[in-house]
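Working notes for the structure below.
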Amino acid sequence: VIDAVTKWLSDHQTLSAPLDILDAWQEDSRVMASQCLLVIDDQTCRFFHEAFFDYAFARSFVAGGGKLCTLLLSPNQEQHLFRRAQVRQVLAYQRARDFTTYLSELRELLGNHGVRFHIKKLILDWLHSLEQPTADEWRVLQGLEREAKLSKFIRLVPHNSRAWFNILLQAGTWEAWLDSNDDALVTHAIWLLSLPDVMKAASKQVAALIAARMDDSEVWRGRFINLTSFGDVHYSREMFDLFLRALRAGWFDVAHEHWWSRFLHMAKERPDLGCEFAGVFLERLTASAQSGNPFELTDRENGLPAEFMHELENAPEELARKLLPPVVAAVQRTQITEENGEVDDQMGAFFSLHEEHDFKSALFGSLQRALGRLAVEKPQVLDQLVAPYESLPHRTIAVLLLGAWSENGANFADKALGYLLQSPHRLTLGYSMWSGGDGRNAIARGVIRVAAPHCSDENYRRLEEVVLALDRKSVV
């Protein structure tokens, strides 16, 4: 029954057959129908699923010594879309049954000019989907690369496939493509290597291929930017180091916020590396700014996305370690001396209370919150990190330190008040713009509110004296 239905369906390239072809097996047909293997509908019959027909055909076809080229090129046989599923199933069945014969069939199908292109394209797509391709199959494809119409699609077989990446690596194909004098072929190889599944699974190997060839030329700058265009640079230390090397060299100076948004999954999956990247990014911004103020440059559209910075707060210690030093360096580079002799900076941070929608506000907000978490969770680590900066006179540094200590007033009360009283002008720290309440002296008031209940009697007395001695215009 199966053979009779299969043959009729294949010969007529349809999925249902006249019921009378089963007249010789009526009882068997009724049994198969009762088991839902065969569907009998009025005067037609068909298998319960097209996939069963494909399998039954492939099994019978291969067992009978059938050749796909013979089937496709038979007189009066059109290579309609119906043949596609049959070709795919026969190749899959033959690949598992007799690999040597399968390779011969594969080579003949792809090399025969009588086989229509849509069939060949189907075969290449099927090869791409293989979970365990072989070097033999790639050698068959390599032998056909001179076919102008086919070569483009042969080179797409490894598209975003870790399994095919390994096959081409073993065959030396990646090296050959990357070393080619054909710039289009090199560009194609770079694109294949940049794809997410390859980068995730083989980042270290990709980095080795690129590192052996990357130089400071404009050509390789462009290639490396294309390689990293999906933001997948954090899946191996080797690739990440290549990326930082290019970042420090200024290769990404023209990148804008929307481009950097592709790197958001780095912040989510590896916030530790995201912190390192953000630190180097800030260093590069500072170094390339004539005034030393990394936020004067508007051609970068505000730098990294705010969401990227917010994700880094999941690694507060790493954020503090990687971002506090370059922030302090930028503050020092923008140092100014006021007419009254006080030293300040031109970073323009913490002057207003608003949502963090840009790189600058998100950077300082995330850093301040990370320091605050350390004050609560790892106060000794915070002490170690901020100790070198406690003597600096700049407003930005003062707000960062006081904000951190205020998160744990019980532990840092005397340190916070001692720092506040060290320079009485710090008692006037507040905001220039705010949307509710009163922002004047608000930062200093917040410190006093959390620290005063826990400080020593001596510091409390000093605080009272200094506050009472302040000019009324500066007191809220």
Side-chain angles (χ1 to χ4, degrees), residues 316 320 324 327-328 331-332 335-354 364-476:
L324 186 57
V327 164
V328 171
V331 165
Q332 291 177 310
Q335 177 174 302
I336 57 171
T337 302
E338 304 285 3
E339 293 181 1
N340 60 6
E342 292 179 359
V343 176
D344 205 346
D345 62 85
Q346 294 178 300
M347 296 296 284
F350 304 115
F351 277 105
S352 61
L353 288 171
H354 57 80
F364 286 107
S366 293
L367 179 56
Q368 188 174 50
R369 287 187 291 274
L371 293 172
R373 278 188 61 182
L374 291 180
V376 175
E377 299 170 7
K378 298 181 179 181
Q380 292 181 332
V381 171
L382 178 68
D383 274 338
Q384 177 191 26
L385 287 174
V386 304
Y389 312 125
E390 291 179 21
S391 61
L392 296 179
H394 313 90
R395 179 185 184 279
T396 299
I397 304 301
V399 176
L400 284 171
L401 298 185
L402 290 170
W405 292 328
S406 296
E407 292 298 317
N408 188 354
N411 191 83
F412 291 104
D414 287 313
K415 179 181 282 288
L417 288 182
Y419 181 83
L420 199 62
L421 297 172
Q422 202 174 58
S423 298
H425 72 277
R426 289 174 181 161
L427 286 168
T428 65
L429 284 173
Y431 302 105
S432 301
M433 294 182 289
W434 59 91
S435 57
D438 193 336
R440 293 172 296 172
N441 312 93
I443 296 172
R445 292 202 316 271
V447 176
I448 294 171
R449 185 178 299 111
V450 298
H454 305 284
C455 70
S456 66
D457 292 341
E458 175 60 22
N459 272 334
Y460 197 92
R461 181 189 59 77
R462 289 179 57 210
L463 177 64
E464 284 184 321
E465 291 176 356
V466 172
V467 169
L468 291 173
L470 282 176
D471 187 325
R472 284 184 176 275
K473 293 183 179 179
S474 63
V475 178
V476 178

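All residue numbers refer to positions in the sequence shown, counting from 1.
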Pair listing, salt bridge (Lys or Arg N to Asp or Glu O under 4.0 Å) test, anchored in residues 379-390, at least two apart: Glu390-Lys415
If I compare all heavy atoms of Ala370 with all of Pro316, which pair ends up nearest, and what's the gap? CB-O, 3.7 Å
Would you check if Phe350 and Leu429 make a side-chain contact, meaning some heavy-atom pair closer than 4.5 Å? no
Looking only at non-hydrogen atoms, find the nearest pair between Leu371 and Ala320 and report the distance. CD2-CB, 3.8 Å
Kindly give the heavy-atom pair with the smallest separation between Ala416 and Val447, and that separation in Å. CB-CG1, 3.9 Å
Considering only residues two or more places apart or on different chains, which pairs with a residue in residues 396-405 satisfy salt bridge (Lys or Arg N to Asp or Glu O under 4.0 Å)? none
Side-chain donor-acceptor contacts of residues 401-410 below 3.5 Å, not counting sequence neighbours, with atom names and distances?
unit_1	atom_1	unit_2	atom_2	d
Ser406	OG	Leu402	O	2.7
Asn408	OD1	Asn411	N	3.3
Asn408	ND2	Ala375	O	2.9

Separation between CG of Leu463 and CG of Leu468, rounded to the nearest 0.5 Å: 9.0 Å
Just jot down the side chain to side chain donor-acceptor pair (under 3.5 Å) partners of Glu458, sequence neighbours excluded, or say none. Arg461
Just grab all the salt bridge (Lys or Arg N to Asp or Glu O under 4.0 Å) pairs involving residues 370-382, residues at least two apart or on different chains. Glu317-Lys378, Arg373-Glu377
Listed once per pair and sorted, the side-chain hydrogen bond (donor to acceptor under 3.5 Å, both in side chains) pairs that draw on residues 447-456, sequence neighbours left out: Asp414-Ser456
CG of Asp345 to OG1 of Thr396: how many Å apart, nearest 0.5 Å? 3.5 Å
Do the side chains of Leu400 and Val386 get nearer than 4.5 Å, heavy atoms only? no
Residues that Gln422 engages under side chain to side chain contact (heavy atoms under 4.5 Å, CB included), provided they are two or more places apart: Tyr419, Arg426
Side chains of Leu427 and Leu420: closer than 4.5 Å at any heavy-atom pair? yes
Please check if the number of heavy atoms outside Glu465 that lie under 6.0 Å from its CD is greater than 12. yes
Can you find a heavy atom in the side chain of Phe412 that is under 4.5 Å from one in the side chain of Leu382? yes
Contacts of type ring pair (Phe, Tyr, Trp, His ring centres under 6.0 Å), residue Tyr460, not counting sequence neighbours: none
Smallest separation among heavy atoms of Leu385 and Leu324, with atom names: O-CD2, 4.0 Å
Just to verify, what does Arg462 make a salt bridge (Lys or Arg N to Asp or Glu O under 4.0 Å) with, not counting sequence neighbours? none
Nearest heavy-atom pair of Ala413 and Ala451: which atoms, and what distance? CB-O, 3.4 Å
Please name the pair of heavy atoms, one in Ile397 and one in Tyr389, separated by the smallest distance, quoted to 0.1 Å. CG2-O, 3.8 Å
Which residues share a side chain to side chain contact (heavy atoms under 4.5 Å, CB included) with Gln335, sequence neighbours left out: Val343, His394
With sequence neighbours left out, write down each residue that passes side chain to side chain contact (heavy atoms under 4.5 Å, CB included) with Ile336, or none if nothing qualifies. Glu338, Asp344, Gln346
